[in-house]
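What follows is a short report on a single structure.
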2 protein chains.
Amino acid sequence: MADRKGKQLTDYPRPSVAVDTAVLTVAHGQLCVGLLTDGRSPKRRLPGTFLHEGETLADAVRRSLREKAGIEGVEPVQLHVFDAPGRDTRGWVITVANLATVRADAVGSLPLIPVGDAAGLDFDHDDIVKLAAMRLRADYSEHPDPAGLLTQPFKIGQLRELHAAVAGELSQPDTFRRRMLPRLSAVGIERRGSVGKPAALFRRITID
Amino acid sequence: MADRKGKQLTDYPRPSVAVDTAVLTVAHGQLCVGLLTDGRSPKRRLPGTFLHEGETLADAVRRSLREKAGIEGVEPVQLHVFDAPGRDTRGWVITVANLATVRADAVGSLPLIPVGDAAGLDFDHDDIVKLAAMRLRADYSEHPDPAGLLTQPFKIGQLRELHAAVAGELSQPDTFRRRMLPRLSAVGIERRGSVGKPAALFRRITID
DNA sequence: AGAATAGTGTCTGTGAGACAGTATGGT
DNA sequence: ACCATACTGTCTCACAGACACTATTCT
């Protein structure tokens, strides 16, 4: 038998474990992803790094985003492990795909590309971007701004425009309002600013 | 910089990468999980193995189930990577949790425990079982027998009992029928067997 | 007054859930 | 005749989607 204690931990070859992160944000009314161009390949790629000893995957994601893009304080979400044997020509590398959703003013130095235009990336990063966008859209279709992209409190119109950017289509204002209201808590009225009836201000309901 | 080509692939310490699999099935009207007791720990655990070079995670899952329980032909579903630094006292090991759903007559030598009773397992295997059960229940709440546990064709009553076992509660026959019918295709009538009106036979609709 | 934005009343359709009924077989 | 199982008619409730209407502010 090959599973005596200790044997596998020392004798077997081990893969390099990487993390790659789709940094998603909403800019110019569109869902965008942050892409790097580094020297290793002419193709664009997602920011990533190899996992260090004593480090969690989430910490590795935070380190890679801090070092490569100056992004701080993200809470990554694990998506999927990509493990195709030939996916990295440099050797045996598996990667844990992650999603980090950040505000557009916090993407640091990372160039943003609309997710629809993010094709032809290095490795399997096209698939990671698709997965990340699907996940974010699924989350936003059920909850008001689950990633906390809006500054609280916010107006329903702002929330609707954000959701439109994420989903790629604008919903009816009345339907959207009624679907979101049960998950919002009113905290006052817009003081004043532009034309029109002052809007009510809301926060997300934390307890669900 | 520490990301010159080749450097990380050779210089950094690498984790052992394991797969651990919650083998779920329905037996005695209950959702059950297959648990091992091996010599390494007094606690029960999920079947697992270390990832070998040139092998995908799904192949490692299939190998571990074949070798440790005689289970063949499963299609594992990736759930989550568990990476807590101290999760394995033998060293630096991260594990990819998987779900494999099999028929009760195909669990081989694996002892079955109702998922509700599967607590106090080794490592973080309690969490893996919970995750796997949540995932399977979510799948079954939306589709008729997505894991293919029933022999086709089947009667709606059989499908309802299977779903009751997975969900842990029996739904109303008429509501269940109407919810599932749009996703089923009628293929005939029960020839005869027990008392009562002969039931219609169905297959799952593949195109969705 | 008119434009612009916020919000409501109400109709329609759909689908879950529940109750009671009908249909078809065995004993 | 009676029971057991399969299936259907129909009512209620809730909610999404759409249209038209009212409300409140600025210019």
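In what follows, chains are A, B, ... by sequence order, proteins preceding strands, each numbered from 1. Nothing here was measured: the structure is a model prediction, and the numbers come from that model.
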Distance-only, no hydrogens or angles: does the [X] side chain make a donor-acceptor pair with backbone N or O of [Y] under 3.5 Å?
{"X": "B/His163", "Y": "B/Pro144", "answer": "no"}
{"X": "A/Glu190", "Y": "A/Lys155", "answer": "no"}
{"X": "A/Arg160", "Y": "A/Arg177", "answer": "no"}
{"X": "A/Arg204", "Y": "A/Asp145", "answer": "yes"}

Mind calculating the distance between [atom1] ([X]) and [atom2] ([N]) to the nearest angstrom?
{"X": "B/Gln158", "N": "D/dT5", "atom1": "CD", "atom2": "C1'", "answer": "13 Å"}
{"X": "A/Met180", "N": "D/dA16", "atom1": "CE", "atom2": "P", "answer": "10 Å"}
{"X": "B/Leu170", "N": "C/dA18", "atom1": "CG", "atom2": "C1'", "answer": "14 Å"}
{"X": "B/Phe176", "N": "D/dA6", "atom1": "CZ", "atom2": "C1'", "answer": "14 Å"}
{"X": "B/Ile156", "N": "D/dT5", "atom1": "CD1", "atom2": "C1'", "answer": "13 Å"}
{"X": "B/Ile189", "N": "D/dT5", "atom1": "CD1", "atom2": "C1'", "answer": "13 Å"}
{"X": "A/Lys155", "N": "C/dA4", "atom1": "NZ", "atom2": "P", "answer": "15 Å"}
{"X": "A/Gln172", "N": "C/dT8", "atom1": "CD", "atom2": "P", "answer": "16 Å"}

Checklist line | Residue mapping more 5' on DNA chain D - nearest nucleotide basis, B/Leu201 or A/Val195 | finding: B/Leu201
Item checked: Pairwise 5' ranking along DNA chain D for A/Lys197 and A/Asp174, keeping only the more 5' one ->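 Looking at DNA chain D, the more 5' nearest nucleotide goes with A/Asp174.
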Item checked: Of A/Lys130, A/Lys43, A/Arg45, A/Arg87, the residue whose pairing with A/Asp124 passes salt bridge (Lys or Arg N to Asp or Glu O under 4.0 Å) -> A/Arg87
Notebook entry, point to check: How about A/Glu75 and A/Arg62: do any of their side-chain heavy atoms sit closer than 4.5 Å?
Noted result: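 A side-chain contact exists here, since the closest heavy-atom pair is under 4.5 Å.
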Checklist line | Listed partners of A/Ser64 passing side-chain hydrogen bond (donor to acceptor under 3.5 Å, both in side chains), at least two apart | finding: none
Notebook entry, point to check: What orientation do A/Phe123 and A/His125 show, parallel under 30°, tilted 30 to 60°, or perpendicular over 60°?
Noted result: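 Rings of A/Phe123 and A/His125: tilted, as their planes differ by 30° to 60°.
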Using the 3.5 Å cut-off, write out each protein N or O paired with an N or O of nucleotides 10-16 of chain C and the distance between them.
{"residue": "C/dT10", "atom": "O4", "partner": "A/Arg178", "partner atom": "NH2", "Å": "3.2"}

Next item on the list: Kindly calculate the angle separating the two end axes of the helix from C/dA1-D/dT27 to C/dT27-D/dA1, each obtained from five base pairs, and round it to 10 degrees.
Entry: 20°
Item checked: Option among B/Thr95, B/Val93, B/Ile94 that satisfies the side-chain contact (heavy atoms from CB on, under 4.5 Å) test with B/Asp83 ->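 Exactly one pass, corresponding to B/Ile94.
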Check: Hey, which of these two, A/Pro173 or B/Pro198, hits DNA chain C nearer its 5' end, going by closest nucleotide?
Finding: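 That would be A/Pro173.
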